[in-house]
Amino acid sequence: MIRAVKGTRDILPPATDLWNRVEQQARAVFHSYNYHEIRTPIFEETLLFTRGVGEDTDIVTKEMYTFTDRDGSSLTLRPECTASVMRAVVEHRLDQQAGQLKLYYMGPMFRRERPQKGRFRQFYQIGAEAIGSEAPAVDAEMVEVAAEVLRSAGLSDFQLLINSVGCPECRPKFVSGLQARLRAVAASLCSDCRRRVETNPLRVLDCKVPGDQPVIDRLPSILDCLCAACRDHFDAVLALITDRGIAFELRPRLVRGLDYYMRTTFEITHGALGAQNSVLGGGRYDGLAQALGSKVRLPGIGFSIGEDRLLMTLQEQAGSAAQEGPDLFIAPLGEEAFRAAARLALGLRRAGVSVEMALDARLKRSLEVANKLRARYALILGADEMAAGNYQLKDLITGDQQTVSRDELFERLRARHAG
RNA sequence: GUGGGUGUAGCUCAGCCGGUAGAGCGCUGGAUUGUGGUUCCAGUGGUCGAGGGUUCGAAUCCCUCCACCCACCCCA
């Protein structure tokens with residue numbers, strides 16, 4: 001038997017309704033902030049990601065789906081979308097347009113990791129990018145949009161974590177200073193952290209091993225080492241977020257794994273997720289455009305929602321929903337009635353009503369199916385109704401049944417649809 | 001890449017000490033004529049993840065492999 005490949009999965013009907021709802025609501029929120037959708041290719045030149053995401057990141061060193069095209073060029077399935085968006089912006093000079101450049105996207109990303117709860121090799125992200133300004137107001141709005149998208153999806157009880165990781169001026173100084181301190185105390189750290197001291201010193205700050213906490217607590221915080229410009233920027237961002245009434249938690253140890261992040265970084269977590277508890281991650285990337293070869297400086301900030309994880313928590317919050325049934329199930333009795341029913345169904349469908357038709361001529365069976373499909377109403381059309389020019393409309397919840405004319409039928413179902 | 005757990009019907013699972021498979025749900029049909037949901041009756045359904053070994057006999061014991069899940073790592 002052929003199965004979906006490891007780390008990929010089918011998203012099936014009852015769930016797809018929820019996915020679509022979440023995506024529609026996200027679009028509505030984005031539009032309310034004047035964001036517009038961008039769709040970039042699912043694969044790009046490998047160089048885009050090695051330069052954009054960073055040569056030494058986990059994503060680039062071990063997680064990319066890279067293949068050689070027939071002409072010998074190296075292509076990669078996108079592991080994230082920010083680099084692609086920036087590439088498109090630079091390529092099409094979208095930054096030349098009036099006003100802020102505000103874009104959103106949604107779609108699948110690919111990373112070859114070992115799957116586990118909340119982690120897939122093909123996963124879906126909903127993200128936004130605001131490009132062209134480094135004003136703290138943009139950061140604040142971005143954080144607000146992120147929270148609003150989650151809220152509109154119905155997510156509650158999430159936590160916003162925020163930090164500043166500095167800039168190319170102050171971060172390297174902090175990292176090398178931190179590394180020096182860590183090397184001195186490496187012996188008292190866990191084995192993972194001893195390795196991190198060399199590979200990813202910032203990550204040590206986020207270690208959860210209890211024995212390491214006393215050491216970690218005495219390490220310097222990046223927030224105490226920001227340069228004046230970064231400090232001012234971050235203070236302004238925090239002030240604006242506070243002013244907007246957004247609850248957040250300052251997390252000086254919050255680390256982002258992608259090289260392009262600088263200054264503001266943030267993350268939203270939810271308790272119902274398991275080890276991979278982050279539903280959203282984001283941050284500022286003022287150096288990305290130039291890393292990709294842009295001659296002009298294009299500061300930007302964005303975030304990305306892990307849609308799979310968002311849906312996972314929503315489903316845990318609400319339980320599994322039953323599939324939504326059609327508005328109307330038509331049960332015609334006999335050949336002639338069937339043809340008349342098909343014509344009626346077309347009219348109703350054009351009016352926006354969801355209609356299903358019976359394939360079985362037995363009324364008992366038809367109503368049984370109507371009930372199983374969770375149809376709201378059943379319409380009976382037999383010889384009697386054909387002769388009289390009307391229909392029997394049965395309410396499948398109350399069991400009430402009444403004779404209705406064509407106009408009354410449309411009236412009833414339109415009302416149902418509007419409500 | 002490294003650990004740990006689990007693999008029996010479409011789904012959720014029982015089957016502990018070896019004697020060639022069960023339940024609930026689902027699905028199909030029926031309880032007469034053009035009326036669903038509840039109920040009752042019947043039926044459908046599984047090379048017990050795969051291969052090998054021990055044994056008169058293996059879903060059950062042993063080995064190997066595979067798949068999925070969870071965790072590490074890292075991230076969305």
Side-chain angles (χ1 to χ4, degrees), chain A residues 1 3-9 12 53 57-63 79-82 106-127 146 150 190-193 195-196 199-200 202-203 206-209 254-258 261 265-270 273-283 302-313 320 325 329 331-334 337 358 360-386 392-401:
Chain A
M1 191 168 88
R3 308 165 47 102
V5 310
K6 186 197 284 290
T8 72
R9 60 194 181 134
L12 303 170
V53 177
T57 59
D58 277 22
I59 290 176
V60 169
T61 55
K62 51 189 191 196
E63 295 173 3
E80 58 106 48
C81 211
T82 301
M106 46 185 73
M109 309 295 158
F110 307 85
R111 291 183 202 170
R112 200 184 182 293
E113 296 181 271
R114 191 75 173 265
Q116 72 182 74
K117 185 170 187 180
R119 192 164 74 184
F120 309 94
R121 290 183 173 182
Q122 174 172 337
F123 60 102
Y124 296 80
Q125 289 191 332
I126 298 175
L150 295 181
C190 69
S191 58
D192 280 333
C193 282
R195 180 177 43 74
R196 287 170 182 145
T199 60
N200 187 359
L202 287 175
R203 182 66 178 74
D206 207 26
C207 179
K208 281 128 199 151
V209 176
L254 179 67
V255 187
R256 304 271 77 207
L258 285 67
Y261 284 122
T265 59
F266 56 102
E267 180 169 322
I268 292 179
T269 61
H270 194 281
L273 273 168
Q276 310 301 319
N277 69 346
S278 166
V279 263
L280 177 151
F303 69 82
S304 194
I305 292 168
E307 195 176 357
D308 309 76
R309 292 179 185 177
L310 172 57
L311 269 288
M312 206 176 279
T313 61
S320 56
F329 188 95
L333 304 170
D360 197 299
R362 294 168 302 170
L363 180 59
K364 178 182 166 58
R365 176 65 182 151
S366 293
L367 289 176
E368 231 172 84
V369 172
N371 189 57
K372 279 177 188 162
L373 290 180
R374 308 173 66 87
R376 182 64 183 80
Y377 293 98
L379 187 85
I380 298 161
L381 178 56
D384 297 350
E385 290 76 22
M386 292 288 284
Q392 291 296 315
L393 183 65
K394 180 168 183 127
D395 184 319
L396 290 175
I397 291 174
T398 64
D400 290 344
Q401 181 172 320

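Reminder, nothing fancy here: chain letters follow the sequence lines and each chain counts from 1.
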Chemist: May I ask you to evaluate whether A:Arg121 reaches the phosphate of B:A76, defined as a side-chain N or O under 4.0 Å from OP1 or OP2?
Modeler: no

Chemist: Let's test your reading of the model: under 3.5 Å, does the base of B:A76 pair with the side chain of A:Arg111 as donor and acceptor?
Modeler: yes

Chemist: Please report, rounded to the nearest Å, how far the P atom of B:A76 is from the CG atom of A:Asp58.
Modeler: 11 Å

Chemist: Does a nitrogen or oxygen in the side chain of A:Arg365 sit under 4.0 Å from OP1 or OP2 of B:U28?
Modeler: yes

Chemist: Output the single nucleotide from B:G36, B:A76, B:G29 whose closest atom is nearest the side chain of A:Arg362.
Modeler: B:G29

Chemist: Can you identify which nucleotide, out of B:A76, B:G36, B:G34, has its nearest atom closest to the A:Ala383 side chain?
Modeler: B:G34

Chemist: From the set B:G37, B:A71, B:G34, return the single nucleotide nearest to any side-chain atom of A:Asn371.
Modeler: B:G37

Chemist: Between B:G1, B:G36, B:C74, which one does the side chain of A:Arg112 approach most closely?
Modeler: B:G1

Chemist: Looking at the side chain of A:Arg114, which of B:C74, B:C72, B:C75 is the nearest nucleotide?
Modeler: B:C72

Chemist: Any luck finding a side-chain donor-acceptor pair between A:Thr8 and A:Gln122 under 3.5 Å?
Modeler: no

Chemist: I'd like to know if A:Glu113 pairs up with A:Arg121 as an ion pair, taking the criterion as any Lys NZ or Arg NE/NH1/NH2 lying under 4.0 Å from an Asp or Glu carboxylate oxygen.
Modeler: no

Chemist: Could you tell me the separation between the NE2 atom of A:His270 and the P atom of B:A76, rounded to a whole number of Å?
Modeler: 19 Å

Chemist: Any side-chain heavy atom of A:Arg111 within less than 4.5 Å of one from A:Phe123?
Modeler: yes

Chemist: Given B:G36, B:U28, B:C74, which nucleotide is nearest the side-chain atoms of A:Glu113?
Modeler: B:C74

Chemist: Of all the nucleotides listed (B:G30, B:C72, B:A76), which has the minimum atom distance to the side chain of A:Phe123?
Modeler: B:A76

Chemist: Assess A:Arg9 against A:Phe120: is NZ or CZ under 6.0 Å from the centre of the six-membered ring, and within 45 degrees of the ring's axis?
Modeler: yes

Chemist: Of the candidate nucleotides B:G34, B:C68, B:C75, which contains the atom at the shortest distance from the side chain of A:Asp384?
Modeler: B:G34

Chemist: Quick check on B:G37: is either OP1 or OP2 less than 4.0 Å from any side-chain nitrogen or oxygen of A:Lys394?
Modeler: no

Chemist: For A:Tyr377, does its backbone N or O pair with a side-chain atom of A:Asp395 as donor and acceptor, under 3.5 Å?
Modeler: no

Chemist: Does a nitrogen or oxygen in the side chain of A:Lys117 sit under 4.0 Å from OP1 or OP2 of B:C69?
Modeler: no

Chemist: B:A71, OP1 or OP2 - any side-chain N/O from A:Gln116 closer than 4.0 Å?
Modeler: yes

